[in-house]
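Quick notes on the structure that follows.
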Amino acid sequence: EIHTTEKGAPGTSAAARSEGAISKGKLDHIALGDRHSVTSSGDSGRAWYAGTPEATDFGELRSGFALVVDIDDNDAVAKEVPVGKWHFIRESINLDTVEDVRTFGEWLNHLENKASTVLKLDLVGSISLTGNSAIEEHIASAKDIFAAVIIRDEGLLVLPDDMDFSDMDFSGFAGRTVDRLRASVTAAGEESGAAKD
């Protein structure tokens with residue numbers, strides 16, 4: 001417990017005054033607040049932000065800990081104990097080949113604690129219709145087992161390749177239409193989006 005009415009000299013920070021109080025033996029440990037990541041502060045190793053016991057958002061690097069402090073006559077030792085169950089994972093996933101799609105599916109399968117994991121995925125690259133279908137299957141499966149899955153796929157371009165149409169045996173007008181649409185998808189301009197659709 002800290003009770004202080006001392007004012008530091010002008011320009012002296014609270015952290016510097018606290019470190020001074022520790023070095024003089026007036027304080028054993030300083031528990032700091034308002035930071036989600038468990039973090040040691042200062043040079044003494046006795047001033048700590050405990051962080052939050054659970055992750056609450058993407059970008060929190062060291063949340064999900066309890067800070068246990070053992071204090072004796074000579075020392076105060078802080079120990080970080082992992083207690084958090086929730087995970088927030090943000091990744092950019094490059095999908096250009098069938099191998100990339102397979103690796104993406106394996107990565108999803110190997111993530112642990114799926115029921116308490118929130119994913120935010122930015123999908124980028126250029127993939128065939130067949131590859132895109134496999135991506136959509138991976139995402140649908142993930143949405144069934146992860147706590148939440150947020151997908152941004154504006155950077156993923158779906159470009160049909162010859163294999164996508166090989167079983168359809170288009171000829172004549174239909175074949176020419178497929179060729180024209182495929183050419184329009186790769187061109188810049190308003191027609192690209194409509195051709196893709």
Side-chain angles (χ1 to χ4, degrees), residues 1-6 8 11-95 100-125 135-156:
E1 187 174 345
I2 298 174
H3 298 284
T4 182
T5 55
E6 288 183 41
T12 304
S13 72
R17 289 195 308 272
S18 298
E19 287 287 322
I22 288 172
S23 67
K24 292 176 185 171
K26 294 181 179 180
L27 299 174
D28 292 316
H29 176 82
I30 301 170
L32 304 167
D34 200 28
R35 182 177 286 186
H36 285 212
S37 300
V38 63
T39 309
S40 177
S41 177
D43 298 324
S44 68
R46 293 188 180 197
W48 283 80
Y49 291 91
T52 59
E54 279 294 352
T56 60
D57 202 356
F58 300 97
E60 293 176 4
L61 300 178
R62 306 215 52 242
S63 57
F65 291 90
L67 195 61
V68 177
V69 181
D70 291 320
I71 298 175
D72 62 27
D73 292 338
N74 300 317
D75 204 0
V77 178
K79 179 182 176 185
E80 302 169 30
V81 179
V83 296
K85 305 293 184 213
W86 282 86
H87 306 279
F88 290 78
I89 299 172
R90 179 178 19 205
E91 290 286 338
S92 179
I93 308 290
N94 195 338
L95 299 165
D100 292 341
V101 176
R102 187 186 63 73
T103 301
F104 172 54
E106 289 176 355
W107 176 75
L108 288 170
N109 286 333
H110 286 99
L111 287 174
E112 297 180 358
N113 306 313
K114 292 173 177 65
S116 56
T117 298
V118 178
L119 298 176
K120 184 184 281 188
L121 305 176
D122 290 323
L123 306 182
V124 296
I135 293 166
E136 288 176 353
E137 287 179 23
H138 289 316
I139 292 169
S141 295
K143 286 184 176 182
D144 286 340
I145 55 177
F146 284 88
V149 179
I150 304 159
I151 299 292
R152 288 188 41 195
D153 60 1
E154 295 84 12
L156 184 65

Between F104 and W107, how do the two ring planes meet: parallel, tilted or perpendicular, split at 30° and 60°? parallel

Counting only heavy atoms from other residues, nucleotides and ligands, does the tally under 6.0 Å from CD of E106 exceed 12? yes

What closest approach, in Å, do A78 and W48 show between heavy atoms, and which atom pair accounts for it? CB-NE1, 3.4 Å

Can you measure from CD1 (I150) to NZ (K143) and round to the nearest 0.5 angstrom? 9.5 Å

Taking R90 for the side chain and K120 for the main chain, is one N or O donor matched with an acceptor at less than 3.5 Å? no

Find out whether F146 and L111 are in side-chain contact, i.e. whether some heavy atom of one side chain is under 4.5 Å from a heavy atom of the other. yes

Exercise: identify the closest heavy-atom pair between V101 and H138: O-NE2, 3.5 Å

R102 atom CZ, over 12 foreign heavy atoms within 6.0 Å: yes

Do the side chains of E80 and L67 get nearer than 4.5 Å, heavy atoms only? yes

What pair of heavy atoms forms the shortest contact from T117 to I89, and how long is it? CG2-CD1, 3.8 Å

Would you compute the distance between atom CD1 of I139 and atom CG of L123 and round it to the nearest 0.5 angstrom? 5.0 Å

Provide the closest heavy-atom pair for N94 versus G125 in the form atom of the first, atom of the second, distance. OD1-CA, 3.9 Å

Between V83 and A66 the two heavy atoms that sit nearest each other are CG2-N, 3.8 Å

Under the 3.5 angstrom rule, does the side chain of E54 hit a backbone N or O of K85 as a donor-acceptor pair? yes

Of all heavy-atom pairs between A147 and W86, which one has the smallest distance, and what is that distance? CB-CZ3, 3.4 Å

With a 4.5 Å heavy-atom cut-off, do L108 and L119 have their side chains touching? yes

D70 side chain reached by K79 side chain, heavy atoms, under 4.5 Å: no

Hey, does T56 have a side-chain heavy atom less than 4.5 Å from the side chain of S63? no

What distance do L121 atom CG and L156 atom CG have between them, rounded to the nearest 0.5 Å? 12.0 Å

